[in-house]
Amino acid sequence: MDASSQKQEQGKKEQHSVFVKLTAALFYAACSLLITVVNKSVLTSFRFPSYLCLGVGQMLTTLAVLQVAKISKKVHFQDFDSGIFWKVFPLPLLYMGNHITGLASTKKLSLPMFTVLRKFTILMTMTMEVYLLRKTFPRRLVYSVVTIVFGAVIAASSDLAFDVEAYAFILVNDVFTAASNVYTKMKIGTEGLGKYGVLFYNALIIVVPTLLASAFTGDLHQAVIFKDWVDATFVFCFLLSCIMGFVLMYSIVLCSYYNSALTTTVVGAVKNVAVAFIGMFVGGDYLFSWNNFLGLSICLAGGLAYSYLTFNTKTSQRTNEASDLKILTAEEPSLKTTVH
């Protein structure tokens with residue numbers, strides 16, 4: 001094969017790679033958007049009293065789907081053994097914290113303010129990738145991340161429905177989400193686990209503690225006696241939330257597998273802007289202000305800029321050739337990688 005043919009073949013592989021990365025990112029964005037709206041409907045519109053029980057339903061669905069898929073040989077991951085916990089640790093703890101605080105904050109905050117405060121996850125993810133994955137970031141990507149966070153600050157400055165407890169939940173959720181995304185990226189490559197093993201054993205390890213916590217707090221009793229179990233619409237939304245809980249986790253793992261943890265987080269942030277605008281018309285708990293609208297628009301601009309720089313092949317190549325922002329000056333050069 002001559003040089004020209006080799007170059008064309010390499011270009012096809014590169015384009016295919018970009019297509020796969022973009023598809024994984026869009027799949028995650030769509031799943032995240034849908035489950036946020038469904039969870040908001042279950043917990044707020046129907047006033048379902050237990051976000052813990054909703055989380056348990058999502059975990060049980062994940063276990064059932066993956067076990068059936070494994071038995072039918074559609075997916076493959078190692079059988080349970082005594083070393084599984086240490087292989088996936090600390091992902092189960094991070095996942096449980098992310099799941100619980102995420103559902104709690106969804107219930108307590110309006111959709112627009114939920115999406116605004118979630119933007120701080122991006123900065124946290126970048127910081128964790130720097131220290132845990134030894135990465136440096138091109139200046140243009142850093143500037144786009146700063147733009148997203150700056151827009152979030154402007155939007156949050158006009159919050160007329162300030163709730164200290166809700167804000168605490170969402171900021172803690174930001175930490176758990178960032179750590180979960182980074183460690184998911186690390187654990188996917190663990191021998192014997194892969195994408196499906198990470199999903200299955202995360203759910204298996206934490207479903208019982210979550211169920212016990214639900215029973216101890218009284219949430220389980222409130223869920224059992226909930227009056228709308230006879231309402232077909234509520235039951236449909238509850239089951240849809242359980243199914244989407246599995247699909248969302250799969251989409252996160254898939255996006256992290258083909259992209260960086262930071263890209264997964266930014267995709268979620270861009271999706272959240274769409275949720276914010278939907279929240280202006282759905283839910284009835286949005287208080288409009290121009291600062292909030294302007295901040296969300298800045299967030300969207302920063303997110304689109306990041307997406308363009310990440311998924312546009314030619315721009316990405318020029319960015320990689322440019323000088324990187326050396327955040328970890330003390331690290332060995334051989335340990336550093338550049339985000340694509």
Side-chain angles (χ1 to χ4, degrees), residues 21-46 48 51 54-55 57-58 61-62 98-99 101-122 125 148 151-152 155 170 173-174 176-178 180-181 184 199 236-256 258-259 261-286 292-293 295-308 310-311:
K21 290 179 179 181
L22 181 59
T23 301
L26 292 176
F27 178 56
Y28 163 54
C31 292
S32 185
L33 173 61
L34 179 58
I35 196 173
T36 300
V37 175
V38 173
N39 284 344
K40 186 69 175 176
S41 176
V42 171
L43 295 171
T44 301
S45 299
F46 287 100
F48 184 67
Y51 55 83
L54 183 59
Q58 294 174 350
T61 302
T62 298
N98 184 36
H99 212 74
T101 57
L103 289 173
S105 56
T106 300
K107 182 177 181 179
K108 292 177 177 294
L109 279 175
S110 68
L111 279 175
M113 288 315 302
F114 172 83
T115 61
V116 166
L117 294 175
R118 288 288 287 162
K119 302 298 183 297
F120 292 97
T121 305
I122 302 172
T125 302
I148 296 172
I170 194 64
N173 181 239
D174 288 346
F176 277 121
T177 301
S180 181
N181 286 344
T184 295
L199 281 175
F236 172 78
C237 290
F238 185 89
L239 293 177
L240 180 61
S241 176
C242 291
I243 295 171
M244 286 305 303
F246 159 69
V247 177
L248 174 65
M249 289 309 303
Y250 175 69
S251 70
I252 291 174
V253 170
L254 198 66
C255 188
S256 297
Y258 288 113
N259 298 285
L262 180 61
T263 296
T264 300
T265 307
V266 172
V267 169
V270 174
K271 175 272 308 180
N272 284 341
V273 174
V275 174
F277 284 110
I278 291 174
M280 295 178 185
F281 306 98
V282 177
D285 54 359
Y286 177 70
N292 184 267
F293 183 80
L296 291 176
S297 299
I298 294 175
C299 286
L300 178 61
L304 292 177
Y306 180 96
S307 301
Y308 178 79
T310 301
F311 297 114

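Residues: numbered from 1 along the sequence shown. Treat the numbers as computed from the prediction; the structure is a model and nothing was measured.
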Testing the basics here: between [X] and [Y], what is the closest heavy-atom pair and its distance to 0.1 Å?
X	Y	value
A24	L254	CB-O, 4.1 Å
T101	F176	OG1-CD1, 4.1 Å
Q58	S241	NE2-OG, 3.0 Å
A29	V267	CB-CG1, 3.7 Å
C299	G151	SG-C, 3.4 Å

Side-chain donor-acceptor contact under 3.5 Å, T265 with N181: yes
Donor + acceptor pair across side chains of T62, Y250 (<3.5 Å): no
Nearest 0.5 Å please: distance from the [atom1] atom of [X] over to the [atom2] atom of [Y].
X	Y	atom1	atom2	value
F246	I35	CZ	CD1	11.5 Å
L26	S251	CG	OG	11.5 Å
L22	F27	CG	CZ	14.0 Å
L248	N39	CG	CG	9.0 Å

Taking the side chain as every heavy atom from C-beta outward, state whether [X] and [Y] have any atom pair closer than 4.5 Å.
X	Y	answer
M244	C31	yes
I252	M249	yes
T263	Y28	no

Residues which pass side chain to side chain donor-acceptor pair (under 3.5 Å) with T264, listed by chain and number, not counting sequence neighbours: S256
Main-chain N/O of G57 paired with T61 side-chain donor or acceptor, under 3.5 Å: yes
S180 side-chain N/O to T177 backbone N/O, donor-acceptor pair under 3.5 Å: no
